[in-house]
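To start, the structure itself, in structure tokens.
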Amino acid sequence: MIRNILGSVVALAGAASAVLSPFRDWYGARAGHDYRVADLFEGITPTESGVLVSILLPFLGAALLVVLGVVLRSRLVVALAGLVVLGFTILWMVRQGQAAGSLVVGGDGEGLQVGVVNALAGGVLMLIGALLMSGRRSRRERRAVREREPVEPFAVPAADQVDTWPPTQEPGMSVQTSPWPEPEVDPYTGPDPRDPRDARTRSYPQAVPHPEDDPRDPVHPPHPPPPPRQG
């Protein structure tokens, strides 16, 4: 991702340099947009050219290729744009050298000027941007990356979060919503002798409490009931 962003920025900077180069001087006091595209194949002439049919035209096409390559993340398209800019610039240098007899770099305004440098720099930046870009992965590569990725275990919940089960973080049977501990269940599972609905408990013998376990008052025990009267 970072390589694609860095390569895109470098390639776009090269496209901007290439598009601006025809508006600067190329040789002597003649700007780049004064050279026709036809002059690159037929020979340099002193005839001035329109902007849309000048050397600016292939540079605009290269800039559009760079934008398309950045959108599609295609290294091949960006590299093709750089080759177009370098190819037309080198072809112009060959034709200009044939027309002038030789190419010179002069500081007095007679010779190669800064416009040519901008065009060459733009083409080189496009190629560097294509090399920096990682491009788009194919379906087979993306599938292989997904298969190689390890399966991460479920993260341990934080201390202030309710522990849940199953580990899909959906509430389950073990969710504890109260901060207090759960009450312990009596392990005795037999019938309740106090339950009148259970007929089985009526036949169970009742334990006789010991005198010391009698909760009644030992000092004033209750009087036994009087015997029934004889009729």
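For the single chain, residues carry numbers from 1 onward in sequence order. These figures come from a predicted structure and were not determined experimentally.
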How close do A11 and V66 get, heavy atom to heavy atom, and via which atoms?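 The pair with the smallest heavy-atom distance is O-CG1, 3.7 Å.
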Mind listing the closest non-hydrogen atom pair of W26 and S21 along with its distance?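 Smallest interatomic distance, heavy atoms only, reads NE1-O, 2.9 Å.
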Cluster link L91 to I55, ILVMFWY, side chain under 4.5 Å: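 L91 clusters together with I55.
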Taking I44 as the starting point, is it possible to reach F41 by hopping between hydrophobic residues whose side chains are less than 4.5 Å apart?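 Yes, one cluster joins them.
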Please identify each residue that fulfils ring-ring contact (aromatic ring centres under 6.0 Å, His included) with Y35, with sequence neighbours left out.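 By the ring-ring contact (aromatic ring centres under 6.0 Å, His included) rule, Y35 matches W92.
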Side-chain donor-acceptor pairs of residues 117-127 under 3.5 Å, sequence neighbours excluded:
none

L72: which residues meet the side chain to side chain contact (heavy atoms under 4.5 Å, CB included) condition with it, sequence neighbours left out?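 Listed in chain order: L68, S74.
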Name all residues meeting the side chain to side chain contact (heavy atoms under 4.5 Å, CB included) criterion together with L65; count only those two or more places apart in sequence or in a different chain, and write none if there are none.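 Partners of L65 under the side chain to side chain contact (heavy atoms under 4.5 Å, CB included) test: V77, L80, A81.
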L57 vs L52 side-chain heavy atoms within contact, under 4.5 Å: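 No, too far: nothing below the 4.5 Å cut-off.
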Side chains of Y27 and Q113: closer than 4.5 Å at any heavy-atom pair?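 Sidechains of Q113 and Y27: no contact.
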Do any pairs count as a salt bridge (charged side-chain N to carboxylate O under 4.0 Å, His left out) and have a residue in residues 26-40, sequence neighbours left out, and if so which ones?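 Qualifying pairs: R36-D39.
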Test of understanding: with side chain to side chain donor-acceptor pair (under 3.5 Å), list the residues that count as partners of R75, not counting sequence neighbours.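 Checked R75 against side chain to side chain donor-acceptor pair (under 3.5 Å); zero matches.
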Using a 3.5 Å distance criterion without hydrogens, assess whether the side chain of S17 forms a donor-acceptor pair with backbone atoms of A13.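 Pair absent, no side-chain N/O of S17 close to backbone of A13.
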